[in-house]
Amino acid sequence: MELAIFYLFASIAIVAALGMVVLRNAVHSALSLAVVFVALAALYVLLNAPFIAAAQVMIYAGAILILFVFVIMLLSPRVDQGAGALKWQRPLAALCGLVFAVELAIVAASALLPTERGPFTPERLAEIGDVQAVGALLFTDFLLPFEITSLLLLVAMVGVIVLAKKR
Amino acid sequence: MTLDPFMVMLLDVLVKAIVIVVALLGAYAYMTLAERYVMARVQVRIGPNRVGRVGPIAVLQPVADAVKTIFKEDFCPANADKIVYTLAPGLAVAIALLAWAVIPLSPPLTIAGYTIHFYIADVGIAALYLLAVGSLGVYAIVLGGWSSNNKYSLLGGLRSAAQMISYEVSLGLALVGVLMISGSLSLVDIVEKQSPIWNVVWQPVGFVLYCICAVAETNRVPFDLPEAETELVAGYSTEYGSLKFALFYMAEYINIVTVSAIAATMFLGGYQGPFGLLPGAHWLLLKIAVFIFIFMWMRATLPRFRYDQLMRFGWKVLLPLGLANVFATAVVMVLLGR
Amino acid sequence: MLTVNHLIFLSAILFSIGAVGVLVRRNPLIMFMSIELMLNAVNLAFVAFARYLQNLDGQVFVFLILTVAAAEVAVGLAIIVALFRQRETIDVDEASILKG
């Protein structure tokens with residue numbers, strides 16, 4: 001059952017990801033990417049990470065991609081003119097990508113995974129709650145990185161305002 | 001005969017989902033009728049009267065509307081992006097319906113040893129799920145506006161994207177206060193914890209904030225800039241007709257019911273009665289009905305915001321207020337040692 | 001049985017698709033989207049290992065990556081808009097001169 005659900009959403013994600021790269025219209029690409037994000041969110045639910053799943057849909061699909069769509073529409077959507085000077089590089093790039101994927105798969109398959117396990121078994125997670133567990137970690141062990149992200153967001157905000165402001 | 005528990009669960013979910021969808025479609029049909037009567041009343045008009053103004057015959061008005069809508073020409077503008085143009089209205093309705101998976105309608109009921117829960121799923125992240133699903137709603141409008149290949153539609157779609165993203169932030173912040181005092185993201189828990197006293201007593205600012213943002217999220221007056229008839233013709237739905245337009249319309253009304261149900265669940269005790277009186281679905285329905293009436297009342301009385309006013313109000317008033325509310329809630333909770 | 005290898009393979013495939021996307025497309029918006037896809041593939045690997053190791057550090061990392069991605073997209077899109085204002089085109093091959 002678990003495996004069937006995985007294959008369903010994995011194939012949706014792969015097809016949509018290919019669609020994003022292949023489709024000529026930028027809005028169609030963005031839509032494909034939205035499908036990838038939602039399929040991945042479904043996989044996160046399957047992997048006992050509902051908090052990440054919700055955050056994925058909210059931040060990636062709901063905020064980041066909407067920003068993309070907004071900019072695509074703002075910059076008067078024209079159909080991509082194609083590769084131009086780089087046309088001959090396309091099959092080469094696809095080949096490189098394929099080799100890269102096989103390489104990654106081989107490395108992943110041959111890697112030795114550690115056998116020691118942490119304290120968060122699925123039963124324990126169900127008992128204390130996934131959000132509570134991640135939240136507790138964020139505010140104890142990972143407090144400094146968490147605070148730094150807030151600084152990062154502030155810097156990004158200032159940067160964007162400076163960049164986008166009319167001179 | 002023994003039943004496979006998985007099949008029982010599947011059947012259970014399916015039946016509930018179908019009941020909720022049918023109920024919401026019925027609600028949509030009669031909300032359009034109610035809205036026309038309410039607006040007519042406010043504007044001292046008679047309102048719809050061709051089918052029959054009073055008595056049981058008036059109930060057929062939505063049927064007449066539906067027949068009229070279905071028999072209109074299904075039109076697709078030249079150079080429109082056909083796939084996206086067709087997809088957008090369906091997406092709008094689907095996303096509007098999604099939120100209902102986690103809203104508890106009534107306390108559990110036990111019949112013949114089988115306990116019926118009146119929600120489709122009680123997930124630990126229900127409140128986050130609502131926000132996540134809500135954030136997807138903007139896609140339908142933006143895509144509908146863009147694919148129509150019309151300047152008015154595109155402007156309406158872009159306006160709506162900016163508006164919905166801006167007000168989503170404050171909407172989320174308004175709910176954070178409730179989540180803090182409940183200590184849970186599950187809507188079932190949140191409702192149960194409001195048994196004697198509703199959350200609105202502790203979170204009055206959050207409640208008002210939520211209500212304002214909810215109106216903006218549903219694109220209703222006074223925040224109906226994306227479809228402003230007088231300046232954008234009808235915004236993103238200009239090029240839509242027949243059933244596709246009806247779907248957009250349906251999504252808008254289902255969204256109104258949804259945000260009303262969320263407001264009732266988070267702040268007004270959901271299915272809990274005042275002071276713990278007779279909990280049951282009737283309270284939730286009553287609360288939703290009151291909210292819906294207020295939506296219609298506002299549409300009949302209020303003028304529209306100007307776009308810059310809308311943005312300034314969202315970012316410079318609602319957002320700081322939401323942050324201050326979260327901060328104050330945290331300080332009070334620490335002082336009370338909760 | 002769903003093993004960690006299934007997920008890592010999926011992650012590898014998605015990452016490669018993203019990498020190819022950066023190579024073959026000349027529209028900076030789509031290249032940028034491809035980079036987001038690569039980030040997502042990494043997130044999937046993190047969540048997969050978090051489940052396998054029964055340790056939530058991976059999920060915390062994903063949360064931090066989400067934040068970084070949001071900041072990155074905001075700045076990146078602002079740069080693309082600035083580029084468009086400057087040159088009236090957003091083809092990356094046209095933007096090969098540093099000054100101007």
Side-chain angles (χ1 to χ4, degrees), chain A residues 2-3 6 10 13-14 17-18 20-21 26 29-30 33 36-37 40 43-44 47-49 51-52 55 59 63-64 67-68 71-72 75 80 83-86 90 93-94 96-97 100-101 104-105 108-109 113-114 117-121 133-134 137-138 142 145 149 152-153 156 159-160 163-164, chain C residues 1-2 4-21 23-27 29-30 32-34 36-37 40 43-44 47-48 50-57 59-60 62-64 66-75 77-82 84 90-91 93:
Chain A
E2 213 183 22
L3 209 56
F6 168 76
I14 292 173
L18 284 173
M20 185 206 76
V21 175
S29 286
L33 194 58
V36 177
F37 289 159
L40 284 180
L43 283 179
Y44 293 158
L47 296 177
N48 295 325
F51 171 64
I52 298 297
I59 299 176
I64 292 183
L67 211 59
F68 267 109
V71 171
I72 293 170
L75 302 185
D80 212 3
L86 291 169
R90 274 192 172 179
C96 288
F100 185 55
L104 275 180
L113 291 169
R117 301 290 183 92
F120 294 100
T121 58
V134 176
L137 270 180
L138 266 181
F142 291 89
T149 51
L152 177 80
L153 287 175
V160 168
L163 270 173
Chain C
M1 183 53 199
L2 179 60
V4 68
N5 273 349
H6 284 95
L7 296 155
I8 301 308
F9 285 149
L10 176 62
S11 171
I13 293 170
L14 289 179
F15 192 90
S16 315
I17 294 175
V20 172
L23 290 177
V24 299
R25 298 303 296 256
R26 295 293 86 185
N27 182 339
L29 286 161
I30 294 179
F32 208 1
M33 283 194 259
S34 301
E36 291 306 314
L37 180 65
N40 263 275
N43 283 351
L44 178 67
V47 174
R51 187 179 90 132
Y52 173 76
L53 298 171
Q54 295 178 353
N55 187 334
L56 290 183
D57 290 5
Q59 290 195 28
V60 174
V62 173
F63 182 78
L64 298 179
L66 280 175
T67 329
V68 173
E72 175 208 329
V73 166
V75 176
L77 287 178
I79 292 174
I80 293 175
V81 171
F84 181 77
I90 51 170
D91 194 306
D93 291 335

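Just so we're on the same page: letters track the sequence lines, and every chain starts at 1.
- Looking only at heavy-atom pairs under 4.5 Å with chain A, the residue among C/A70, C/A82, C/S16 that has the most is C/S16.
- Rounding to the nearest 0.5 Å gives a distance of 12.0 Å between NE2 of C/H6 and CG of A/L43.
- C/R25 and A/S29 make their closest contact through NH1-OG, 4.4 Å (heavy atoms, listed as atom of the first residue, atom of the second, distance).
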A/L40 vs C/N43, test: side-chain contact (heavy atoms from CB on, under 4.5 Å). Steps then yes/no. CA-CA 9 Å; A/L40 284 180; C/N43 283 351; over 6 Å; no
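- Proximity to chain A (any heavy atom under 4.5 Å) is restricted, for C/I8, to the side chain, taken from C-beta onward.
- Remark: A/I59 CD1 to C/L66 CG distance equals 4.5 Å, nearest 0.5 Å.
- Using bins of under 30°, 30° to 60° and over 60° for the plane-to-plane angle, the ring pair C/F15/A/F100 lands in the tilted bin.
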Would you sort out whether C/N40 and A/V36 count as a side-chain contact (heavy atoms from CB on, under 4.5 Å), showing the intermediate values? CA-CA 9 Å; C/N40 263 275; A/V36 177; 5.7 Å; no
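- With a threshold of 4.5 angstrom between heavy atoms, C/F9 approaches chain A through side-chain atoms but not through N, CA, C or O.
- Using a 4.5 Å cut-off between heavy atoms, C/L44 touches chain A through backbone and side chain atoms alike.
- When all heavy atoms of A/A105 and C/A12 are compared, the closest pair comes out as N-CB, 4.5 Å.
- Only the side chain of C/L14 comes within less than 4.5 Å of a heavy atom of chain A; its backbone N, CA, C and O stay farther away.
- For C/N5, the part lying near chain A is the side chain, with the backbone staying farther off; criterion is any non-hydrogen pair under 4.5 Å.
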